[in-house]
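Have a look at the structure below, then the notes.
Values reported hereafter were calculated over all heavy atoms of this structure, with side chains retained and with hydrogens, waters and symmetry mates removed.
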Amino acid sequence: MQTHTFDVIIVGAGGAGMRAALESSTRARTAVLTKLYPTRSHTGAAQGGMCAALANVEEDNWEWHTFDTVKGGDYLVDQDAAEIMCREAIDAVLDLEKMGLPFNRTPEGRIDQRRFGGHTRNHGEAAVRRSCYAADRTGHMILQTLYQNCIKEGVEFFNEFYVLDLLLNEESGEPVAAGVVAYELATGEIHLFQAKSIVFATGGYGKVWKTTSNAHTLTGDGMGIVWRKGLPLEDMEFYQFHPTGLAGLGVLLTEGARGEGGILRNASGERFMERYAPTIKDLAPRDMVARAMVQEVREGRGAGPNKDYVYLDLTHLPAEQVETKLPDITEFARTYLGVDPITELVPVFPTAHYAMGGVPTNVETEVLRDNEHVVPGLYAAGEVACVSVHGANRLGTNSLLDINVFGRRAGIAAAEYANSVEHVDLPGDPQGATIALVERLRSGTGSERVAAIRKDMQDTMDMNAQVYRTEATLKQALGDVQELKRRFANVSIQDKGTRYNTDLIEAIELGFLLDLAEVTVVSALERKESRGGHAREDYPNRDDVNFMRHTMAYKSTDISGEEYVRLDYKPVVTTRYEPMERKY
Amino acid sequence: MAAVVEETVVPETEVPVATDVTFRIRRFLPDVDEDAHWEDYTVALFPTDRVLTALEKIKGELDGTLSFRRSCGHGICGSDAMRINGRNRLACKTLVKDLDIKKPITVEPIKGLPVEKDMIVDMEPFFAAYRQVLPFLIPEGHEPTRERLQSAEDRARFDDTTKCILCAACTTSCPVYWTDGQYFGPAAMVAAHRFIFDSRDSGFEQRLEVLNDKEGVWRCRTTFNCTDACPRGIQVTKAIQEVKRALIFRRV
Amino acid sequence: MATTTPVGTLYRGGEGMWTWVLHRITGVGVFFFLFVHVLDTALVRVSPEAYDIVIATYKTPIVALLEVGLVGAVLFHALNGLRVIAVDFWSKGPRFQRQMTWGIAAVWLVVMIPGAYYMLMHSIEALFGSTP
Amino acid sequence: MSAPSIETPRSLSRRNAQRSNFELYSWLFMRISGIVLVFLVLGHLFIMNFLDGGVQRINFAFVAGRWASPFWQVWDLTMLWLAMLHGTNGMRTIINDYAERDQTRFWLKMILYVSSAFIILLGTLVIFTFDPNLG
Ligand SMILES: Cc1cc2nc3c(=O)[nH]c(=O)nc-3n(C[C@H](O)[C@H](O)[C@H](O)COP(=O)(O)OP(=O)(O)OC[C@H]3O[C@@H](n4cnc5c(N)ncnc54)[C@H](O)[C@@H]3O)c2cc1C
Ligand code: HEM
Ligand code: SF4
Ligand code: F3S
Ligand code: FES
C-alpha cells in the first residue's frame, strides 16, 4: 500500500473537477483522482448549452436569469446561491472562450446564443436567447477544453483510481477532512491520499433508474461515500426526468432541439404543449414537459404499437439547420432508432437525467454536516453537490453553468484553505474499512449476481419512483429496494483477480446505488406535495406552508442497531423573490 | 452513420424478436492466462441492440470476468473502441442488425497498445502522443475583456476536428502505428489540426517542431484506415493532409 | 508485467490499406529489379557478347511473363503514386480517394490486358508458331 | 500487495524532437521524383517493350545505337538517379517501419545506402564511359 500526500485532492475529473483543478493547481499542490480517464466523464455528453446573460443577440441581464432559475426550481432554490451563479455565469462563459472553447458564433463573431426551456425575458414575458452553445456538443467542448488546459497547466491526474472512502478525523470533537482511500484499477492496490482539502466532484447517480441519459459509470459514488460517513444528503427526492430521451433507450436529445424550433406532438399530431404551457409551449421547464408527456400517454394519446411514447418533430426545420446545429442528436436518432429527424418524427419519452439533490454545501462549496456547520477541508461541486441552485427542478443549461461557477469556487476555496492549515493526521487504520469492503465482495460465496440485483432495482425505480409518484408506488419501491439490499449482502462476483477487476467495481457501485435509491424513495415518501421534479399524484399541489424547505437525510441507527434513513429539514434562503404560482 | 435505414427498426410495423447471436471474444486474463485465447458466448439480442449490450449481457449473465471499459453507452465518451469483425469500432455504436450474425462476431482489443486484460489496453502511450502536440489554445497578445471575436467561417474551418473523443480507434487502425509505436498517430494529428486551423491560435511554430519530427506527420502513408475507423466521422486523413500542406507552405 | 501483444486476426482495412500494401510490395519489387537491371546493363561495359547472352535469356517465355509482371507492378505503383499525390495536394483528394482507387484499377486493366497480350505475343509465337 | 512505485502521470519516454526539415524534404522528393519518373520509367518501358517488337530486338547494337545520342544518355541517367534515390528513400521508410531494434535498423540502412551508392555510381559510369565501338 502506498501513501501520497497532497495539499488538495480533487475526486472526479468531469467539468466540475477539472475546473476546480485549474484553479487549485496553480495555488497549491493538487492531485485529481478519477475513476475514468478525464475525457470519458459524462460532462462530455451534455449537448444543448450553457446559459449566461451575455446579451450577445438580444437584451438580457443576469437578474432575469436569476428569476428564471428560482421560478424554474419551483422556489426551492436558495436565492443567494442562484444570484451568485447567474452573476458569475458571464465570466464563466468568457473564461471558457479564452481557454479556447469553440463556441458557435454570431455574424459579428461573438458567442452565439439560443433559446432554452424556462429561460425568459423580463420575468417570463417570452423565451430569450441565453444559451451559449457549440452545436449540440457543448459539454464535449467544455470537457475537452478543460482537459486541454489541465495538460497546459500540468495538472497531476491519477487516472482509473476509484475513490472508495473518505477519511475524517476529529478535531475538538468535530469532524475534519483528512484524506481519501482509493483503489487502483490497474493493479487492485489500495492507496491512501492524505490532503488538507478534498473536493468531491463525482457527478450524478442516474443509474438508479433503467431508462436514463446517464453513463454506466454515473453511480453516485461521491454521494454514497459521504452518506456512509454519516453526513447528510439534501433534497434527494428531486430528480429530473428529461422529456426527450430516445424512446426505450434513454439516449438524450437535447432541449436545444426545441430551442431551435422543435415541437412535441402526440399520436394524432397535436402540439399538446399548447394546452399545458400556453405562453412558452414546448420550451416550458422540463418537469412540466415531462409530466405533460406522461399525461398524454396515460390518456391514450401516445404513439407507437404500445402507445407509450410521443414524437419530437423537427421535420419543419430547414435540413441545413438540423444538420449544423443539431448534428449529434440527428445521428443518434439515425443510429439507434433508424429514424431520420429531417424527414421523420422521432419517438421520445422522459429519461432519468439529473440529480437536483446531493451533498449539501454553502455557496463557498464547503460541505455541511448539518443545517449550519461545515466539515472543514471538505468541498463538493457539480452534480454531486446541492448548493442549491436548482431547487426542485433544474433549468436546462444551468448544470454546465453550475459546474463551471462552483467548480471554480471549489478550486479556489480548497487551495486557500489548504494554504492556511497543516495536514490533519489520518485516523487509525485508515484503509481498514475499504479493505474489508473489497475483500468481502471478492471472497463472497453467495448466489446473488450484481447484474440481476441492479436490473431489479432499476425496474422498480422506473416503475414506482419516476415522473409521477404516489404513497403506494413509493412504498412498493422502498420495500423492493430494502429487499434488494438484503440480497446484495449475499452477492458474489466471479472475477477474483487483482488487475482491472471491473466485476468488483460494479459490485461496489451497486452498493452505492442501492443506498441512494433508498434515500431517494424515503425522502420522496415524506414530501407530501408536488413541486418541480417531484410530482405526487396523491398530493398534486405545491404546499408552501409545510414543505417550503429542503430535505436533509441522514444515515442513522436505531436502538436495536437497525440502520434507517432519518429525515430533517433546512430552511430555504429567500432574498428577493417571493413564491408565486408557476405559470408559463 | 447507420448505413442502411431499414423500415423494420421503426417499431410501428413490426415488433422485433430476439435472436441468438454468438460472439467470439479474444480473452486474456493477466492473473491466470499465459496467453490470449478465443472464447465463444451466445446471447439473445434484438436487431437494434448494440454490441456493448451484448458484452454487458455476457458479463452479467455468463462470465463476470469479461473486462472492458465503457461509460456513456452512446458514442460520446470514447471508452469502448475495440476490434469488431476485424475493424475498429465503438461497441456502443455498432448495432447487431448491421453485422452478419450467421457467423460468430469476433471481438478483439484494439491493436498496437499493450493489452492489459481482455479489451482493456494501456492508453498511456496514446495520451502521451496527444499531449506532445500541445493540444491547447496558445493565444496571441493580451487577453481581451470580452470574448475573442471569430467569424462563423473561421469557426467552421476547424469544426470537424473538434469532434474528436480520443477513443484511439484511428491511431490503433493505422498500419504505421502498429509497427512503429513512436509515430504520433492520427489522433494526435487531429488534435494538432484543431488548433493550427483555429484563427485564435498562434502556436504554429511550436507545434511545427513536433509535427515535422521524424515520427510526425510525414509518417502517414494515407492508408485511410483512420478515416474509416473514426466513430465521429472525422475526415482524419484529410486533416492530416491539411497539416502537411500547412507545414510545406508554412501558412494556414 | 504479463502483457501480450495480440497476434489477432488480420485487420480488415479498406481499399486504402490494401492499395498501400500493394504499393509497398511493388515498390520493393521494382527496386530490387532495378538493382539487377543496372548490373546486367553494366555488362555492356564488359563485353557485347556477355551482354547479348544475358539479354537472350530475357527473351525466354518465363522471363517474358516476369516482364509482364514488372510492367504491371510499375504501372500500378505509378498510378497509385499519382493517386497518393492527388490525395496529398488536391484538397478534394481525400474525399474522392475511393473513386480514384477504382479509377486506377480501371486504367491498369485497360492498359495491361492488351499490353500483356502484346508482350506475350512473341513468346506465344515462339512456342506455338505464328498466330493468325 | 506488491508496491511498484508509480510515476504520475505515467509517461512514455520519447525522443526529443529535432529541428530539421529532412523528413519534409524527403517526403516532397518522393512526390516530385514520382511525377518525373512517371514519364521517364513508363516511357522507357513503353519504348523497350512495345515499340518495334519489344524486348526481342534488344541487343548490344540496339543499346549502342541509343546511347550514341546525348538525349537518351540524359534520359537514362536521370531515370537511374531518380529511381535509385526514390527507391532507396522508400526502402528507408520501410526499414524504419519494420525494424524493431535500433541496432538492426541502423545496419539495414547502412547496407541499403552502400549498395545503392554502388549501383548509382556503376550505372553512371556505364552510361558515360560506354564505348559503342566495343562491338
Ligand atoms: C446526456 C446529457 C446531456 C446534458 N446536457 C446538458 C446541457 O445541455 N446543459 C447543461 O447545463 N447540463 C447538461 N447536462 C447535465 C450536465 O452535463 C451534468 O450535470 C454535469 O456535466 C455534471 O458534471 P460533473 O463534473 O459534476 O460530473 P461528471 O462529468 O459526471 O464527472 C464525474 C467525475 O467523477 C469521477 N468519479 C465518479 N466517481 C468516482 C470515484 N468513486 N472515484 C474517483 N472518481 C470518481 C468520474 O471519473 C468523472 O470524472 C446533461 C447531462 C446529460 C447526461
Ligand atoms: C513510375 C513512377 C513512380 C511514381 C509516381 C512513384 C510514386 C511514389 C510515391 C508517391 C511514393 C510515396 C508513397 C507514400 O508516401 O505513401 C512512392 C514510394 C515508393 N516507391 Fe515509388 N514511384 C514511382 C516509381 C518507383 C520506382 C521506379 C521504384 C523503384 C526503384 C519505386 C520504389 C518505391 C518504394 C520502395 C517506395 C516506398 C513504399 C512505401 O513506403 O510503402 N517507385 N512511390
Ligand atoms: S479522430 Fe476519431 S477515431 Fe481518432 S480518436 Fe478522435 S474520435 Fe477517435
Ligand atoms: S491510418 Fe495511418 S497512414 Fe495515415 S491515413 Fe491514417 S494515419
Ligand atoms: S461507451 Fe462511451 S463511447 Fe462507447
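The number of heavy-atom neighbours closer than 6.0 Å to CG of C:Leu109, taken from other residues, nucleotides and ligands shown, is above 12. Around CH2 of C:Trp90, the count of heavy atoms belonging to other residues, nucleotides or ligands within 6.0 Å exceeds 12. Environment of CZ in D:Phe29: crowded, with over 12 heavy atoms of neighbouring residues, nucleotides or ligands closer than 6.0 Å. Other residues, nucleotides and ligands place no more than 12 heavy atoms under 6.0 Å from the OH atom of D:Tyr25. Heavy-atom contacts from other residues, nucleotides or ligands closer than 6.0 Å to CD of D:Gln103 number 12 or fewer.
Going from atom CG of C:Asp52 over to atom CZ of D:Phe62 covers 12.5 Å, rounded to the nearest 0.5 Å.
Heavy atoms of D:Asp76 lying under 4.5 Å from chain C are absent altogether. Of the atoms belonging to D:Ile94, heavy atoms from both backbone and side chain fall under 4.5 Å from chain C. No part of D:Ile32 comes within reach of chain C, as not one of its non-hydrogen atoms sits under 4.5 angstrom from that chain. Proximity to chain C (any heavy atom under 4.5 Å) is shown, for D:Phe46, by neither the backbone nor the side chain.
Within residues 26-35 of chain C, the residues having any heavy atom less than 4.5 Å from a heavy atom of chain D are, in residue-number order, C:Val28, C:Phe31, C:Phe32, C:Leu34, C:Phe35.
For the pair C:Ala78 and D:Leu42, the tightest heavy-atom approach, listed with the atom from each and the gap, is CB-CD1, 4.3 Å.
Looking at heavy atoms from C-beta onward, C:Leu75 lies out of side-chain contact with D:Leu45 at the 4.5 angstrom threshold. By the 4.5 Å heavy-atom criterion applied to side chains, C:Val84 and D:Met30 are not counted as neighbours. Residues D:Ile120 and C:Val38 are not in side-chain contact: their nearest non-hydrogen atoms beyond the backbone lie 4.5 Å or more apart.
Chain D forms the most heavy-atom pairs under 4.5 Å with one residue out of C:Ile85, C:Asp88, C:Val63, and that residue is C:Asp88. Ranked by heavy-atom pairs under 4.5 Å with chain C, the first of D:Leu37, D:Ile127, D:Asp97 is D:Asp97.
C:His37 and D:His44 have perpendicular rings, their planes meeting at more than 60° on a 0 to 90° scale where under 30° would count as parallel.
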